[in-house]
Amino acid sequence: MTADPNLRYKNFLDISRSALGLPAAESVNAVFNPDFPGNEAIMSINVNDKAPEFTLQDENGKEISLKALRGKVVVLYFYPRADTPGCTIEACEFRDTYKQMQKTGAVLLGISPDTPKAQKKFQEKFQLPFSLLADADKKIADAFGVLQEKNMYGKKVMGIVRTTFIIGPDGKIQHIFPKVKAEGHAGEVLAYLKESAKGAA
């Protein structure tokens, strides 16, 4: 019987912090150590932490706040950029599993450093039935610890590491999918939601 993946991930973070001489999770910002084995990111947010509050514009310029969604399970997935190959695969798979996700009672939100206009174009082009939030200044990505140093063609740049957070009805982080691979991810999230809904029943 495998251990709880949430605990495995938390243990990995705790061990990594200790090995790197970092302070406790509450006081550290997102850190990315390129010399760490496997280039793993050390995230500043953990399972059971309160999710950072936000109010952002969606693709129609309408404001959506996390606080207003209290009482619901929220799937918040961060992606690097609208209408790029990996992000399109991920979004279309979420589109194709969306109805099943809705049956679990979850709310799905995509978020990237795009403008509302770019999100609208992306949504219409691929008929995405869920809201896409515009985090153009990357403040929310930074708050969730997904704005990290990445290697792009040999250069170090700050960018969004594809990550999905499941936020519980109480506003706390229920589960984290770190360093997501676009293909097959929506199925992973759906399986988690179904299992979670069974446990809550």
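Everything quoted here is computed from the prediction, not taken from an experiment.
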(request) In sequence, state the C-alpha distance, the side-chain angles, and the governing distance for Ile166 and Phe177, and then conclude on side chain to side chain contact (heavy atoms under 4.5 Å, CB included). (result) CA-CA 8 Å; Ile166 310 291; Phe177 294 89; 4.0 Å; yes
Minimum heavy-atom distance [X]-[Y], with the two atoms named:
X	Y	value
Pro169	Arg70	O-CD, 3.3 Å
Pro178	Thr163	CA-CG2, 4.1 Å
Gln174	Ser196	OE1-OG, 3.5 Å
Gly61	Pro116	N-CB, 4.5 Å
Glu53	Lys67	OE1-N, 3.4 Å
Ile160	Pro80	O-CG, 3.7 Å

Distance from [X] atom [atom1] to [Y] atom [atom2], nearest 0.5 Å?
X	Y	atom1	atom2	value
Leu56	Asp135	CG	CG	5.5 Å
Ile140	Ile111	CD1	CD1	6.0 Å
His175	Leu193	NE2	CG	10.0 Å
Leu133	Asp114	CG	CG	11.5 Å
Gln57	Thr115	CD	OG1	10.0 Å
Lys103	Gln100	NZ	CD	6.5 Å

(request) For side chain to side chain contact (heavy atoms under 4.5 Å, CB included), just list the numbers for Leu69 and Leu109, CA-CA rounded to whole Å, side-chain angles, deciding distance to a tenth of an Å, and then say yes or no. (result) CA-CA 11 Å; Leu69 295 169; Leu109 298 172; 3.8 Å; yes
Would you mind reporting whether [Y] and [X] have side-chain heavy atoms less than 4.5 Å apart?
X	Y	value
Phe78	Val161	no
Val73	Thr104	no
Phe94	Met101	yes

(message) Looking only at the aromatic ring of each residue, does the gap between the centers of Phe126 and Phe122 stay below 6.0 angstrom?
(response) yes
(request) Kindly indicate, with the supporting measurements, whether the criterion side chain to side chain contact (heavy atoms under 4.5 Å, CB included) is fulfilled by Phe165 and Ile45. (result) CA-CA 10 Å; Phe165 296 88; Ile45 199 163; 3.5 Å; yes
(message) Are more than 12 heavy atoms, taken from residues, nucleotides or ligands other than Lys50, located less than 6.0 Å from that residue's NZ atom?
(response)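 Counting other residues, nucleotides and ligands, NZ of Lys50 exceeds 12 neighbours.
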(message) Tell me whether the count of non-hydrogen atoms from other residues, nucleotides or ligands lying under 6.0 Å of NZ in Lys120 goes above 12.
(response) yes
Residues 82-92, side-chain donor-acceptor partners within the protein, below 3.5 Å, at least two apart:
residue, atom, partner, partner atom, Å
Asp83, OD1, Lys125, NZ, 3.3
Asp83, OD2, Lys125, NZ, 3.1
Thr84, OG1, Arg81, O, 2.8
Thr88, OG1, Thr84, O, 2.8
Glu90, OE1, Arg162, NH1, 2.8

(request) Determine whether the side chains of Gln119 and Ser112 contain a donor N or O and an acceptor N or O closer than 3.5 Å. (result)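 Yes, side-chain donor-acceptor contact under 3.5 Å.
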(message) Would you call the rings of Phe130 and Tyr98 parallel, tilted or perpendicular, taking 30° and 60° as the class edges?
(response) tilted
(message) As a quick check of understanding, evaluate side chain to side chain contact (heavy atoms under 4.5 Å, CB included) for Phe144 and Ile173, giving each step before the final call.
(response) CA-CA 10 Å; Phe144 275 84; Ile173 304 290; 4.2 Å; yes
(request) Please confirm whether the backbone N or O of Lys62 pairs with a side-chain atom of Asn60, one donor and one acceptor, at under 3.5 Å? (result)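 The answer is no, because no donor-acceptor pair under 3.5 Å joins these two groups.
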For residues 181-191, run the donor-acceptor check on the side chains, cut-off 3.5 Å, and write out each pair with its distance to 0.1 Å, sequence neighbours left out.
residue, atom, partner, partner atom, Å
His185, ND1, Glu188, OE1, 3.0
His185, NE2, Thr164, OG1, 2.7

